[in-house]
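Reviewing the structure listed below.
First the proteins, then the strands, lettered A, B, ... as listed; each starts at 1. The model shown is predicted, which means the values in this text are computed figures rather than measured ones.
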Amino acid sequence: MKIYNTLTRKKEEFQPREAGKIGIYVCGMTVYDYCHIGHARVMVVFDTVARYFRYKGYKLTYVRNITDIDDKIINRANENGEDFTALTQRFIDAMHEDEQALSVLPPDVEPRATQSIPSIIAMIETLIVKGLAYVGTNGDVFYSVNKFKPYGKLSGKNLADLQAGERVNVDFAKQDPVDFVLWKMAKPGEPYWESPWGNGRPGWHIECSAMSTCCLGNHFDIHGGGMDLQFPHHENEIAQSEGATGETFVNVWMHNGFVRVDNEKMSKSLGNFFTVREVLKQYQPEVIRFFILQSHYRSPLNYSDEQLNDAKAGLTRLYTALRGVEINDAALEDEYKKRFEQAMEDDFNTPVALSILFDLAKELNIAKKEGNQERIKMVAITLKYLGGLLGVLFYGPEDFLKQEITGGGELRLPLPSVSGDGTAVTFIDKQIQARVDAKKSKNWALADQIRDELKQQGVILEDKPDGTTTWRRE
RNA sequence: GGCUGAGUAGCAAAAUGGUUAUGCAGCGGCCUGCAAAGCCGUCUACACCGGUUCGAUUCCGGUCUCAGCCUCCA
C-alpha cells in the first residue's frame, strides 16, 4: 500500500505503527454554513480511504473533528441574533444530512472543540511550562514559533522567509509576528470558558492538536485535510503537539486538492461555491460522489455542469450493464479484483479503480450478448462488489435509472423511490402499452410520436429484442 | 518576492523509458421498423527548448503558462 506523504513529498510504502491497526485524523468543518462541494470532496475522499482500510482488514479508528467555536461562528450568530450553539447545531445536523446523502459513513469519533476544552487547556499549560508559549500583552496566549526548531518542515517554509514576507498587520501583543494564538481572551458578550489565563476560547490550531492526541494518542498514523490546511494549520499542529509531547506527532500527512470553479479555488471568501444541497437539486447524490472519485484526490477537480453530466453518463453506463441481472453470491472475478486493489493501493487511485469498473461493464455487456449465464453472474457480482468498496452502485439499477430529480429543494437522501410520483410512472406504463399496440399494427408514426413525447418529458424508451419496452430517465 | 504543485488528444482523466488506459463526444459497421442501449472497428495526445539514452510523454536542466499557500478557508 503506497500513500503520498506531504511531509516527504513522495509516495511511501505505508506501515501502520501497530500491525493491523490504523489511527487517522481528518480536519473537519467549521460549522457556520452549509457544506459546499469542496467540503464534500474531503468527506468523500477520506470516506473512501477509510472504507478501503476497513476492507483490507485494518482495525481503523477514524476521527474527524467539528470546529464549533471560532470568530466566524460568533460573527454569524451575532448577525442572526441567535445563540452560537443554536447556529452550530443547525449546521452540524445539515452536515450529517449531506454526508448521508453522499454515502459518507460517519467517522468513529467526531469530537467537538467546545467539548474538548479541558484537554486544550492542559496542552497549553504544558506548552507554557516547556517555555514554548507565553501570555501576550493583551492576555492572549501565544505559541513561540521560534522556539520550535523544525517549524516549516511540512510546508517547506522556513522562518526567515516567513518573517521577511510578513504582512503589514503587525499584532503588538505578540513577541514575534509569526507567533500564533493558543488561547484568545473573550470580549464582552462573547462566549467563553474559564482558564488559568482568564475567560476566553481556544485558538483554531490547538483544538486539533488536543482532539487528535486525545482520541488517537500522541503519535498516530495518518492526518488528513484539504491542501489549504497544510500551512499554517497543520504546521502549527505539529509545533503544538510535538512541542507538548516531545514525540513524533503523525507519520503520514495526506492532503486533498481543491475543487475549482472556472480555474479558481472554490471557497467561501470568493463566493464561487455550490452547496451540496444546491447541487442535489439537479443531480443524484451518487453522481456527485462519482464525480469526485473520477479524479485523483490530490489533483484539482473542476466543477462544472459538463463534468457532472459526464459523471452521470458514466454511472448510467455502469447501471445499464447491471440492468436485469440478478445479483447473487457468485464467486468474484479475481483478475479484476486484483487490478482494482492494485489501483487503490497506489495512493488511492480511484480514477483507475473506476476504469476497471468500466472494463467490467463491457465484459458484462458481452456476456449478456452471448447469453453466458455463468459469466454474467460472476462479472456482475464483481462489478457491484467493487463499486460498493468505493461507495457507489448500491442502488438497484432500475432505481437509479428511473429516479426522478424533483428539484423541489428538499434534501435527497439515499434510497430514492422509483415512483416517488406514482402517477407519472403509471402514465409512462400506459404510454408504453399504447406504443406496443401501435407497433403491433405497424403504426410506426404513432409509435414514434409516443416515444418522442415521452422523450420531451425526459423519459427514454428502449425496445428489447423480446418485444417488451423498458424506460429510464434522461 | 518565497514555498508547493500542475501542464496529456474535442472534453474529462490515469499509467508508463520502447507495447490498448478509461469515460463522454465524433466517424464507420452490426443490431433495430426507425431509434435507444449494446457490440465491433476507427480518428484527434503527451506546453516549449535543450540534455541523458539504442530509444523519452515518461528521467535531468531551463523557458513559458496555470493553480495553491505565505490572511480565514476543505
Under a 4.0 Å threshold between the charged nitrogen and the carboxylate oxygen, would [Y] count as salt-bridged to [X]?
{"X": "A:Lys402", "Y": "A:Glu398", "answer": "yes"}
{"X": "A:Glu326", "Y": "A:Lys377", "answer": "no"}
{"X": "A:Arg375", "Y": "A:Glu363", "answer": "yes"}
{"X": "A:Arg277", "Y": "A:Glu97", "answer": "yes"}

Find the partner of [N]: check Watson-Crick (N1-N3 plus N6-O4 or O6-N4) and G-U wobble (N1-O2, O6-N3) distances, both under 3.5 Å, and reply none if neither fits.
{"N": "B:U4", "result": "B:A67"}
{"N": "B:A45", "result": "none"}
{"N": "B:A15", "result": "none"}
{"N": "B:U58", "result": "none"}
{"N": "B:C31", "result": "none"}

- For A:Arg451 and A:Gln294, take the nucleotide of RNA chain B holding the closest heavy atom to each; which residue's nucleotide lies nearer the 5' end? A:Gln294
- Could you check A:Gln307 against A:Gly38 and say which one's nearest nucleotide on RNA chain B is further toward the 5' end? A:Gln307
- What's the verdict on side chain to side chain contact (heavy atoms under 4.5 Å, CB included) for A:Tyr25 and A:Arg64, showing C-alpha distance, side-chain angles and the deciding distance? CA-CA 6 Å; A:Tyr25 182 92; A:Arg64 194 191 53 210; over 6 Å; no
Spacing between [X] atom [atom1] and [N] atom [atom2], to the nearest angstrom:
{"X": "A:Tyr336", "N": "B:U22", "atom1": "OH", "atom2": "C1'", "result": "12 Å"}
{"X": "A:Leu360", "N": "B:A21", "atom1": "CG", "atom2": "C1'", "result": "15 Å"}
{"X": "A:Lys455", "N": "B:A36", "atom1": "NZ", "atom2": "C1'", "result": "9 Å"}
{"X": "A:Leu154", "N": "B:G5", "atom1": "CG", "atom2": "P", "result": "12 Å"}
{"X": "A:Arg298", "N": "B:G68", "atom1": "CZ", "atom2": "P", "result": "19 Å"}
{"X": "A:Glu235", "N": "B:C3", "atom1": "CD", "atom2": "C1'", "result": "11 Å"}
{"X": "A:His233", "N": "B:C69", "atom1": "NE2", "atom2": "P", "result": "15 Å"}
{"X": "A:Ile356", "N": "B:G23", "atom1": "CD1", "atom2": "C1'", "result": "14 Å"}

Hey, does [X] reach any base, or is it just sugar-phosphate, or nothing, if we go heavy atoms under 4.0 Å?
{"X": "A:Asn349", "value": "sugar-phosphate"}
{"X": "A:Phe258", "value": "base"}
{"X": "A:Arg323", "value": "nothing"}
{"X": "A:Leu229", "value": "sugar-phosphate"}
{"X": "A:Val45", "value": "nothing"}
{"X": "A:Lys268", "value": "nothing"}
{"X": "A:Ser299", "value": "sugar-phosphate"}
{"X": "A:Thr320", "value": "sugar-phosphate"}
{"X": "A:Arg435", "value": "base"}
{"X": "A:Gly257", "value": "base"}
{"X": "A:Met266", "value": "base"}
{"X": "A:Asn256", "value": "base"}
{"X": "A:His36", "value": "base"}

Taking atom [atom1] in both [N] and [M], compute the distance separating them and give it to the nearest angstrom.
{"N": "B:U4", "M": "B:G41", "atom1": "P", "answer": "47 Å"}
{"N": "B:U32", "M": "B:A45", "atom1": "P", "answer": "36 Å"}
{"N": "B:U58", "M": "B:U16", "atom1": "C1'", "answer": "6 Å"}
{"N": "B:C27", "M": "B:A67", "atom1": "P", "answer": "35 Å"}
{"N": "B:A13", "M": "B:U52", "atom1": "P", "answer": "35 Å"}
{"N": "B:C34", "M": "B:A25", "atom1": "C1'", "answer": "23 Å"}
{"N": "B:C49", "M": "B:C39", "atom1": "C1'", "answer": "46 Å"}
{"N": "B:U57", "M": "B:A21", "atom1": "P", "answer": "15 Å"}

Among [options], which nucleotide has an atom closest to any side-chain atom of [X]?
{"X": "A:Ser355", "options": "B:U22, B:C70, B:C73", "answer": "B:U22"}
{"X": "A:Val42", "options": "B:C40, B:A74, B:C73", "answer": "B:A74"}
{"X": "A:Ala447", "options": "B:G33, B:C39, B:C70", "answer": "B:G33"}
{"X": "A:Lys157", "options": "B:C72, B:A37, B:G2", "answer": "B:G2"}
{"X": "A:His39", "options": "B:C72, B:G33, B:A74", "answer": "B:A74"}

- With the side chain counted from C-beta on, respond yes when A:Lys72 and A:Arg76 share a heavy-atom pair under 4.5 Å apart, and no when they do not. no
- Is there side-chain contact between A:Tyr297 and A:Val42, with at least one heavy-atom pair below 4.5 Å? no
Hey, does the side-chain of [X] have a donor or acceptor N/O within less than 3.5 Å of a partner on the base of [N]?
{"X": "A:Asp448", "N": "B:G33", "value": "yes"}
{"X": "A:Lys265", "N": "B:C73", "value": "yes"}
{"X": "A:Lys362", "N": "B:C39", "value": "no"}
{"X": "A:Asp228", "N": "B:G68", "value": "no"}
{"X": "A:Asp463", "N": "B:C31", "value": "no"}

- Task: Could you go through the ring pair (Phe, Tyr, Trp, His ring centres under 6.0 Å) check for A:Tyr32 and A:Phe91 one step at a time?
- Result: CA-CA 6 Å; A:Tyr32 69 103; A:Phe91 286 112; 7.8 Å; no
- Message: Before you tell me yes or no, could you show the steps for A:Lys455 and A:Asp448 under salt bridge (Lys or Arg N to Asp or Glu O under 4.0 Å), namely the whole-Å CA-CA distance, both residues' side-chain angles and the distance that decides it to 0.1 Å?
- Response: CA-CA 10 Å; A:Lys455 174 103 169 44; A:Asp448 289 351; over 6 Å; no
Check this one for me: any side-chain N or O of [X] less than 4.0 Å away from OP1 or OP2 of [N]?
{"X": "A:Thr67", "N": "B:A74", "result": "no"}
{"X": "A:Asn365", "N": "B:C39", "result": "yes"}
{"X": "A:Trp471", "N": "B:A37", "result": "no"}
{"X": "A:Arg317", "N": "B:G38", "result": "yes"}

- Item | Result of checking A:Phe46, A:Phe53, A:Phe340, A:Tyr4 against A:Phe348 for ring pair (Phe, Tyr, Trp, His ring centres under 6.0 Å) | A:Phe53
